[in-house]
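The block underneath contains the structure these notes are about, expressed in structure tokens.
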Amino acid sequence: MEDQSKRTALLVIDMQKDFIEEGSVMWVKGGKAVVPNVIEAVEFARRRGILVVWVVREHDPQGRDVELFRQHFYSSGKVGPMSKGSVGAELVDGLVIREGDYKLVKTRFSAFFATHLHSVLQGAGINSLVIAGVQTPNCIRQTVFDAVELDYRSVTVLVDATAAATPEVHHANIFDMKNVGVSTPTLQEWLQSAA
């Protein structure tokens with residue numbers, strides 16, 4: 001298993017205050033509940049030598065790099081959600097990027113879209129991905145489907161370390177991902193299988 005640990009990356013997606021803290025226009029209702037499991041997954045990955053990749057959204061404060069359907073959040077001189085350097089763009093309390101981790105900035109749903117993530121993973125010899133974070137129907141799903149299309153040998157979504165606005169939306173998307181060969185264990189099942 002030690003060799004496979006070096007060929008595995010844990011992608012922690014969008015665990016930022018604008019997504020996790022209530023009151024933000026981007027708040028994911030189920031996000032706060034999975035924070036402890038995301039912390040545990042990160043700690044386990046570090047102990048096992050699994051590369052931790054922090055996938056975060058950071059936008060130009062004027063919204064010049066944001067999707068068309070979200071540009072209204074940046075109008076009238078407002079600092080929009082996930083603006084680079086804003087409090088909302090910071091990781092939620094309890095999650096910290098450490099030396100040896102990798103931070104990847106994206107501006108769209110998929111961590112692979114218009115980024116260098118695939119090149120970084122290939123260069124590190126990564127062939128298996130484990131996914132945690134928010135939110136299941138958008139950034140998790142798009143990243144997972146791109147990983148499947150890019151032929152990663154194993155793609156795993158930790159069902160209780162990922163979240164959506166409602167349990168129904170979360171479970172429907174987990175069902176769809178499972179149907180394309182994605183593994184969907186709980187955190188404890190993953191910890192036991194990787195131990």
Side-chain angles (χ1 to χ4, degrees), residues 1-16 19 28 30-31 34-35 37-57 95 97 100-165 167-195:
M1 187 62 187
E2 201 60 45
D3 287 342
Q4 189 53 44
S5 292
K6 300 294 185 200
R7 298 179 64 76
T8 301
L10 172 65
L11 305 186
V12 181
I13 299 178
D14 292 348
M15 292 299 293
Q16 297 161 268
F19 291 113
V28 177
V34 301
V35 171
N37 283 352
V38 174
I39 292 170
E40 189 172 350
V42 168
E43 290 171 351
F44 176 81
R46 287 180 175 141
R47 286 194 306 271
R48 295 289 297 164
I50 293 170
L51 174 64
V52 177
V53 179
W54 298 92
V55 179
V56 296
R57 270 198 183 242
L95 295 174
I97 300 172
D101 296 349
Y102 188 80
K103 177 183 173 183
L104 178 95
V105 175
K106 67 181 177 71
T107 59
R108 295 295 186 269
F109 294 140
S110 175
F112 291 101
F113 182 81
T115 73
H116 54 277
L117 178 60
H118 187 53
S119 296
V120 169
L121 296 174
Q122 283 185 317
I126 302 297
N127 64 16
S128 296
L129 302 177
V130 179
I131 314 290
V134 295
Q135 102 161 303
T136 320
N138 299 343
C139 300
I140 303 295
R141 182 185 176 108
Q142 289 296 113
T143 299
V144 164
F145 274 80
D146 282 351
V148 169
E149 292 292 308
L150 290 166
D151 291 328
Y152 282 85
R153 186 181 70 78
S154 170
V155 180
T156 299
V157 175
L158 301 176
V159 295
D160 55 353
T162 50
E168 294 78 16
V169 169
H170 178 67
H171 294 302
N173 282 277
I174 293 294
F175 178 81
D176 285 346
M177 289 184 276
K178 193 172 185 176
N179 281 338
V180 295
V182 174
S183 177
T184 58
T186 64
L187 173 63
Q188 290 305 314
E189 289 168 344
W190 178 62
L191 296 178
Q192 291 166 7
S193 70

Answer yes or no: is there a side-chain heavy-atom contact under 4.5 Å between H171 and P167? yes
Residue pair V157 / V144, side-chain heavy-atom distance below 4.5 Å: yes
Is a side-chain N or O of Q16 found less than 3.5 angstrom from the main chain of R57, in a donor-acceptor match? yes
Nearest 0.5 Å please: distance from the CG atom of L104 over to the CG atom of L121. 8.5 Å
Could you state the interatomic distance from CE (M177) to OG (S183), rounded to the nearest 0.5 Å? 11.5 Å
Rounded to the nearest 0.5 Å, what separation is found between the CD1 atom of I131 and the OG1 atom of T136? 11.5 Å
D160 and Q188, any side-chain heavy atoms less than 4.5 Å apart: no
If you define the side chain from C-beta out and look only at heavy atoms, does anything of R108 sit under 4.5 Å from T115? no
Side chain to side chain contact (heavy atoms under 4.5 Å, CB included) between E149 and F112, intermediate numbers included: CA-CA 11 Å; E149 292 292 308; F112 291 101; over 6 Å; no
Evaluate L117 against L11 for side chain to side chain contact (heavy atoms under 4.5 Å, CB included), listing each step before the verdict. CA-CA 10 Å; L117 178 60; L11 305 186; 4.3 Å; yes
Using every non-hydrogen atom in the two residues, find where T156 and P185 come nearest and quote the distance to one decimal. CG2-CD, 3.4 Å
Does the side chain of I140 reach to within under 4.5 Å of the side chain of N173, using non-hydrogen atoms? no
Interatomic distance, L150 atom CG to H118 atom NE2 [nearest 0.5 angstrom]: 4.5 Å
Closest approach of G31 to V134 (non-hydrogen atoms, all atoms of both residues): CA-CG1, 3.9 Å
Kindly give the heavy-atom pair with the smallest separation between V53 and A9, and that separation in Å. CG2-CB, 4.4 Å
Residues A164 and P137: closest non-hydrogen pair is CB-CD, 3.7 Å
So do V34 and T162 actually touch side chain to side chain, heavy atoms under 4.5 Å? no
Are D146 and F109 close enough, and set up right, to give a side chain to side chain contact (heavy atoms under 4.5 Å, CB included), and what steps lead you there? CA-CA 11 Å; D146 282 351; F109 294 140; over 6 Å; no
Verdict with supporting geometry, L95 and I39, side chain to side chain contact (heavy atoms under 4.5 Å, CB included): CA-CA 6 Å; L95 295 174; I39 292 170; 3.5 Å; yes
When rounded to the nearest 0.5 angstrom, what is the spacing between CD1 in I13 and CD in Q135? 12.0 Å
d(Q4 CD, R153 CZ) to nearest 0.5 Å is 4.5 Å
Which heavy-atom pair separates V155 from V182 by the least distance, and what is that distance? O-CG1, 3.3 Å
Looking only at heavy atoms, the pair that brings V159 and H170 closest together is O-NE2, 2.8 Å
